[in-house]
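Worksheet: one structure, shown below.
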Amino acid sequence: MSVWDEVVGQPDAVATLSAAAEAAATIVAGGTPAPGVMTHAWLFTGPPGSGRSSTARAFAAALQCVVTDDRPGCGECSGCRTTLHGTHADVRVVAPEGLSISVAEMRSLVQISARRPTSGRWQVVIIEDADRLTEGAANALLKAVEEPPERTVFLLCAPSDHPDDVSVTIRSRCRLVSLGSPRPSAIASALEAVDGIAPEMAQWAASVCGGHVGRARRLAVDEETRSRREAVLRIPLALRKPADVFTCADELIKAAEEDATTANEARNEAEREALETAMGAGGTGKGTAAATRGAKGALKDLEKRQKSRATRTQRDSLDMALVDLAGFYRDALVTKTGSEAALMHPDRAGDSKTAAAQWSQESILRRLEAVLACREAIEVNVKPRIAIEAMVTTLHRG
């Protein structure tokens with residue numbers, strides 16, 4: 001086993017990062033590695049599902065690996081295991097639960113990153129979704145990246161190195177690691193080897209996930225995820241009359257809300273109970289009443305964070321549904337034109353053929369453009385229901 005087993009279908013990135021981890025081990029041992037192999041800031045880019053966060057975590061584990069007789073990243077030592085499980089004292093992960101990463105959160109993280117490692121070999125900071133940094137948070141991070149502490153490494157993850165995702169000044173101080181969408185064969189192999197998924201299910205999930213490793217894993221193990229996908233892919237051929245517009249829009253919104261509730265309900269309750277207990281709920285004795293009254297403000301802040309997290313989860317779920325819809329219309333266009341390109345939803349080839357027989361190429365393109373426009377509208381904070389209803393109306397009219 002190796003930490004790189006978590007990185008699916010990215011051999012070039014693994015080679016680059018393995019060499020950097022070896023150079024980092026040389027630095028810790030007091031040696032001098034070849035210049036440019038290891039640096040203090042890295043930017044991992046790639047499409048959704050390509051494994052940006054998984055690759056960054058694997059690299060962090062290799063940096064903290066305490067077994068250096070061979071290549072760092074054994075996957076078995078305490079440094080590797082605690083990093084991969086999120087419990088290493090010197091590895092900080094920023095995974096935004098809301099729609100952005102605040103300046104206060106980043107300033108606190110920068111202060112921590114300036115410390116020397118306590119138990120590990122490096123102080124590692126992983127920033128998932130670095131494209132969600134606010135302007136103030138990006139400026140706070142820039143100061144740390146410009147003058148990095150000696151044994152601190154920053155690992156940033158973003159969809160691309162475009163200025164809309166990562167500021168030019170931060171990008172210029174990072175080494176770029178570009179990831180691509182893994183091939184279905186690589187995803188299927190990983191599902192079988194790492195997750196123990198049956199070969200037939202692994203191959204099916206890999207063929208319909210659109211190169212998204214996390215989505216493939218959820219499709220393989222979760223019946224509800226498979227059911228939601230089926231419901232989304234039934235929409236194109238279910239729009240027969242005007243009233244179907246609102247029915248299908250309601251189904252999309254409801255599915256996203258249920259997804260957000262399912263994903264967050266247990267966690268929300270646990271957070272609330274933990275906070276209430278910390279603030280004296282259920283206790284007796286002197287000062288308990290005052291502590292309970294003081295908890296109201298803390299509970300209000302917690303509810304605000306949970307609401308923001310639910311909004312993001314709902315939007316992420318909607319976006320995945322829209323990606324599935326776009327894939328269906330793309331498949332219909334592929335079928336209509338007689339292209340030999342692989343289908344995004346090979347298990348729905350019959351429906352794609354039916355759609356291609358009913359609609360013109362221009363009509364299919366208009367529908368596809370409507371789905372893409374809906375994604376953009378939600379991204380710029382148009383109310384999801386309005387954006388979805390406008391999209392489904394176009395899908396009905398063609």
Side-chain angles (χ1 to χ4, degrees), residues 2-4 6-29 31-48 50-65 68 71-73 80 83 90-95 101 106 109-110 113-114 117 120-133 137-182:
S2 164
V3 297
W4 306 116
E6 301 289 328
V7 183
V8 180
Q10 311 292 346
D12 293 341
V14 169
T16 297
L17 297 173
S18 294
E22 292 179 20
T26 301
I27 293 173
V28 172
T32 304
V37 179
M38 178 61 190
T39 186
H40 70 283
W42 298 75
L43 175 60
F44 298 85
T45 65
S50 57
R52 300 185 301 255
S53 299
S54 298
T55 305
R57 288 174 185 266
F59 184 38
L63 291 176
Q64 303 291 15
C65 182
T68 58
R71 297 175 65 186
C80 289
T83 299
D90 294 318
V91 179
R92 301 291 191 284
V93 180
V94 179
I101 302 175
M106 189 50 55
L109 188 71
V110 167
S113 70
R121 302 159 72 84
W122 296 85
Q123 188 76 254
V124 183
V125 177
I126 302 174
I127 304 176
E128 299 181 2
D129 299 324
D131 54 306
R132 295 179 185 266
L133 288 165
N139 290 335
L141 174 62
L142 176 60
K143 293 179 181 179
V145 175
E146 282 180 327
E147 300 176 3
E150 183 180 355
R151 294 277 289 279
T152 297
V153 180
F154 293 93
L155 309 180
L156 282 62
C157 306
S160 75
D161 60 348
H162 190 277
D164 287 346
D165 289 332
V166 180
S167 71
V168 174
T169 48
I170 290 179
R171 162 67 186 91
S172 66
R173 289 160 175 80
C174 297
R175 183 171 177 183
L176 182 64
V177 178
S178 298
L179 307 178
S181 295

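- The shortest side-chain heavy-atom distance between I27 and P33 falls under the 4.5 Å cut-off.
- Put simply, the side chain of R92 does not reach to within 4.5 Å of the side chain of I127, judged on heavy atoms.
- When atom types are taken as modelled, the side chain of H40 and the backbone of V145 share a donor-acceptor pair closer than 3.5 angstrom.
- Between the side chain of S172 and the backbone N or O of T169 there is at least one donor-acceptor pair closer than 3.5 Å.
- Atom-to-atom distance recorded for E22:CD and C65:SG is 11.0 Å, nearest 0.5 angstrom.
- For the pair N139/M106, no side-chain contact is recorded, criterion being any heavy-atom separation below 4.5 Å from C-beta on.
- Using modelled atom types and a 3.5 Å distance limit, the side chains of T45 and D161 yield no donor-acceptor pair.
- At distances below 3.5 Å, not a single donor-acceptor pair connects side-chain atoms of R52 with backbone N or O atoms of E128.
- Between F44 and L17, some side-chain heavy-atom pair lies under the 4.5 Å cut-off.
- When each of V125, V94, D165, L141 is paired with L156, the side chain to side chain contact (heavy atoms under 4.5 Å, CB included) condition holds for L141 and for no other.
- Taking every heavy atom of both residues into account, V7 and S54 meet most closely at CG2-O, 4.4 Å.
- To the nearest 0.5 Å, atoms CH2 (W122) and CD (E150) are separated by 8.0 Å.
- Listed here is the closest heavy atom pair of S2 and G73: OG-O, 3.2 Å.
- Closest approach of A24 to L63, counting heavy atoms only: CB-CD2, 3.5 Å.
- Between R171 and L176, the closest side-chain pair of non-hydrogen atoms falls below 4.5 Å.
- The shortest distance between side-chain heavy atoms of M38 and V153 falls below 4.5 Å.
- Looking at P159 and D131, their side chains come closer than 4.5 Å, going by heavy atoms from C-beta outward.
- Of the possible polar contacts, one joining the Q10 side chain to the G180 backbone as a donor-acceptor pair under 3.5 Å is found.
- At a threshold of 4.5 Å between non-hydrogen side-chain atoms, the residues Q123 and R151 do not count as touching.
- Here T39 pairs with W42, R175 under the side-chain contact (heavy atoms from CB on, under 4.5 Å) rule; sequence neighbours left out.
- Here the side chain of T152 pairs no donor or acceptor atom with the backbone of P148 at under 3.5 angstrom.
- V110 and A140 get closest at one heavy-atom pair: CG2-O, 3.7 Å.
- Counting all heavy atoms, side chain and backbone alike, V166 lies closest to S160 at CG2-O, 3.9 Å.
- Shortest non-hydrogen contact noted between F154 and S113 is CZ-OG, 3.7 Å.
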